[in-house]
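Each chain gets a letter, A, B and so on, in the order the sequences are listed, and its residues count up from 1.
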Amino acid sequence: MKFTTRDQLKAWLDGLAAEMDLVAPRGVDGHVFYRPVASGDEVLFDYERPELSAKAFVFPDTEVFLRVEQRGKDVTVEEVRTERKQVIFGVRPCDAHGLAVIDALFLNQEPADAQYQHHRERTVLVGLACPRMWEGCFCTSMGGAPDDATHLDVLLREVEGGYAVEAVSEKGKALVKGLKTKQKAGDPPAPQTNADAVPVVDTATWRTLFNDKLWQRHGERCLSCRICTYVCPTCRCFDVVDRVVDTQPGLTRIERIRVWDACTSTNYRRAAGGHNSRPTKPGRIRNRFYCKFCYYPEDFGPLGCVGCGRCVVSCPVDIDITEIMRDVAAKGGQE
Amino acid sequence: MAANPMRPYVGRLAGVREVATGVKLFQIELTEPEGQASLAEYKPGQFAFLSVFGAGEAPFGLASARGPYLELGVSALGHVTNSLHALEVGDPVGVRGPLGNWFPMDQIKGHDVVIIGGGIGGLPLRPVIHTILDHRADYGHLTILWAARSPDLLIATDEFDEWRNAPDTEFHVTVDQGDENWSGNVGLITKLMEEVAPSTQNTITVTCGPPIMIHFAFLTQQKLGFTPEQMLTTLEARMHCGIGKCGRCNMGEKFICVDGPVFWQYEVKEFLEGFL
Ligand SMILES: Cc1cc2nc3c(=O)[nH]c(=O)nc-3n(C[C@H](O)[C@H](O)[C@H](O)COP(=O)(O)OP(=O)(O)OC[C@H]3O[C@@H](n4cnc5c(N)ncnc54)[C@H](O)[C@@H]3O)c2cc1C
Ligand code: FES
């Protein structure tokens, strides 16, 4: 294996931070988030699961994507782009998996989402394997693993005295050229995994349970707070709004912004004229889970869940995706 | 890089007129060559997003198959639509489109056609009517059933005479509630459908209106003997992208913006999640 030390990683990260946008796990008032960092010293190396996924760095929660200038009756529209490259360091394999799920829709379905594609192309993902699974995690049930390299450009695994370095993609190989490593004997230890798998049933089974009572039971305690979609690495609904940023005589500057949206919000399906075709909480909770386990795989390929477990620990009323998956499997006769 | 489908093409308002109480028909001229190329051709049933820069954008059915301008009819219901209504001729707008699928006019050719339009839902059917009238020999008998809640909400009234007098065409109109000047039919469009009772022989129906009207219009057509393979409709949902990404318009596994907005009734009845 290729071996490097934490100090060598930090020196490498210092160099990267000078040239490009560097994002890494960072401690913020006792919490851990992926955040922009300016040097290797700001990076956390020992952390569990950052509280929010990494999706915000390729699909920002609020992003100006057009700047419009209106002079008199003349309008110019400019697309917002940055020339800078970006490295997300220390990204967990489940979060990289989450981006691959979004790719299936935003990149692989024509037409591609131009803004997302722009960020995806300028970004390199340097993963750090989880030594074990954390509270609520079930990545191994969703086709992932704590040390899954599949969706990463580089994977680091903790070993005695340092890290094993695996450059996965061409992008990754180019990036780690600047990292000091040496050849060392041995393999990284296998991560600890949870024993109890969560059952994943096929979409045909989900289709038979659309009108089941279980949606009433799980859905009626939902508070429509939308935290599940906010922390989710695969939820990708968005809204588009305009903001007037400057008005002078004869000149108006406008930004067109996209913001994350949530299908669990009360008025999601309310149309002009007031008609709401999904007026109840059970109906909206059902839509969220059908999106993940039935619609998304049928329409775009991958399942819409990577088993990161964030929604399980963040839901204020303990709506538990794994409990729902078990219920569906039991009712569908596939347990 | 391919054109960004979320970037609107700039245009200007070339004309505007009120076509019913609270409904204006906008004529738009695109000023950017890419926009002119993109919207040079579109098919009956397709839609576009209209932007008022600073207020936002919303989807509207492309409402005409005639003339030099894009035409879209807008009912003032909220933020973007009220801002649209406040525009004056010459003001800039943005347009993204054409989006969505369309009425299969090639398949409709050679058939008798029944058009069932409720309220502002009649607007997206206007290009279907235009296409049939402008290629009259390609289609069989045309029946237009038109309705609104009250006479002032009837749209396209300035075209009624043309429709009435067109060859091999019959036109019927009703309102839920009349007023002192109204001497025509009164009652729901389903009542009118039963009274006119169009033949089902070699016929295709095209329905658009509010969800509840589409629901009952389907039931009445079924009663009259139409099969799900004969009935077309166009559905509406709240939309934020129109290109299958934002998630807003899903009905079950279908995205109204890219899988629709035009559907056969046999497709609609298979939706896991209903449109009502
Ligand atoms: C394919 C398609 C074709 C269409 N064609 C036409 C057409 O030809 N003509 C036409 O007039 N319209 C058409 N529409 C409808 C049109 O898009 C809407 O009227 C428009 O989006 C309303 O935008 P707005 O900003 O003015 O309304 P908004 O200000 O967004 O809201 C209008 C109404 O929506 C509801 N609403 C929305 N968001 C909320 C919320 N957060 N909380 C509570 N209530 C809310 C309310 O009832 C409100 O009164 C079409 C829609 C689709 C999808
Ligand atoms: S409007 Fe965005 S997915 Fe249909």
So with a 6.0 Å cut-off around [atom1] of [X], is the heavy-atom count from everything else above 12?
| X | atom1 | value |
| --- | --- | --- |
| Gln248(A) | CD | yes |
| Gln177(B) | CD | no |
| Arg149(B) | CZ | no |

Note to self: Looking at Tyr295(A) and Lys254(B), would you say the former's side chain and the latter's main chain have a donor-acceptor pair under 3.5 Å?
What the structure shows: no

Please look at [X] and chain B and tell me whether the side chain, the backbone, both or neither of the residue comes under 4.5 angstrom of a heavy atom of that chain.
| X | result |
| --- | --- |
| Asp239(A) | both |
| Leu66(A) | side chain |
| Phe300(A) | side chain |

Sub-4.5 Å side-chain heavy-atom contact between [X] and [Y]:
| X | Y | result |
| --- | --- | --- |
| Met6(B) | Gln115(A) | no |
| Lys245(B) | Phe238(A) | yes |
| Phe53(B) | Thr252(A) | no |
| Pro92(B) | Gln70(A) | yes |
| Arg256(A) | Pro8(B) | yes |
| Glu253(B) | Arg207(A) | yes |
| Ser277(A) | Phe275(B) | no |

Next item on the list: Please confirm whether Arg238(B) makes a cation-pi placement over Tyr268(A), using NZ or CZ under 6.0 Å from the six-membered ring centre and within 45° of the ring normal.
Entry: no

What residue, out of [options], has the most heavy-atom pairs lying under 4.5 Å from chain B?
| options | result |
| --- | --- |
| Val244(A), Val245(A), Asn287(A) | Asn287(A) |
| Val240(A), Thr203(A), Asn211(A) | Val240(A) |
| Thr76(A), Val241(A), Asp299(A) | Asp299(A) |

Closest non-hydrogen atom pair, [X] against [Y]:
| X | Y | result |
| --- | --- | --- |
| Gly54(B) | Ile254(A) | N-CG2, 3.6 Å |
| His275(A) | Leu276(B) | NE2-C, 3.3 Å |
| Ala271(A) | Glu236(B) | CB-OE2, 4.5 Å |

Within this structure, what is the [atom1]-[atom2] distance for the pair [X] and [Y], rounded to the nearest 0.5 Å?
| X | Y | atom1 | atom2 | value |
| --- | --- | --- | --- | --- |
| Phe65(A) | Arg7(B) | CZ | CZ | 11.5 Å |
| Phe210(A) | Phe271(B) | CZ | CZ | 12.0 Å |
| Gln109(A) | Ile243(B) | CD | CD1 | 11.5 Å |
| Asp113(A) | Cys241(B) | CG | SG | 8.5 Å |

Margin query: side chain to side chain contact (heavy atoms under 4.5 Å, CB included), that's the test. Do Arg258(A) and His240(B) meet it? Break it down for me.
Written below: CA-CA 10 Å; Arg258(A) 84 158 155 197; His240(B) 289 155; over 6 Å; no

Notebook entry, point to check: Just by distance, with hydrogens left out, do Asn250(B) and Arg278(A) show a side-chain donor and acceptor under 3.5 Å apart?
Noted result: yes

Notebook entry, point to check: Would Lys73(A) and Glu88(B) pass as an ion pair if we require N to O under 4.0 Å?
Noted result: no

Check: Does any heavy atom of chain A fall under 4.5 Å from the side chain of Glu273(B), the backbone, both, or neither of them?
Finding: both

Notebook entry, point to check: With only heavy atoms counted, which part of Val258(B) is less than 4.5 Å from chain A, the side chain, the backbone, both or neither?
Noted result: neither

Notebook entry, point to check: Do you know which of Gly56(B), Gly252(B), Pro211(B) has the most heavy-atom pairs under 4.5 Å to chain A?
Noted result: Gly252(B)

Checklist line | Partner of Val10(B) under side chain to side chain contact (heavy atoms under 4.5 Å, CB included), chosen from Val68(A), Val77(A), Asp74(A) | finding: Val77(A)

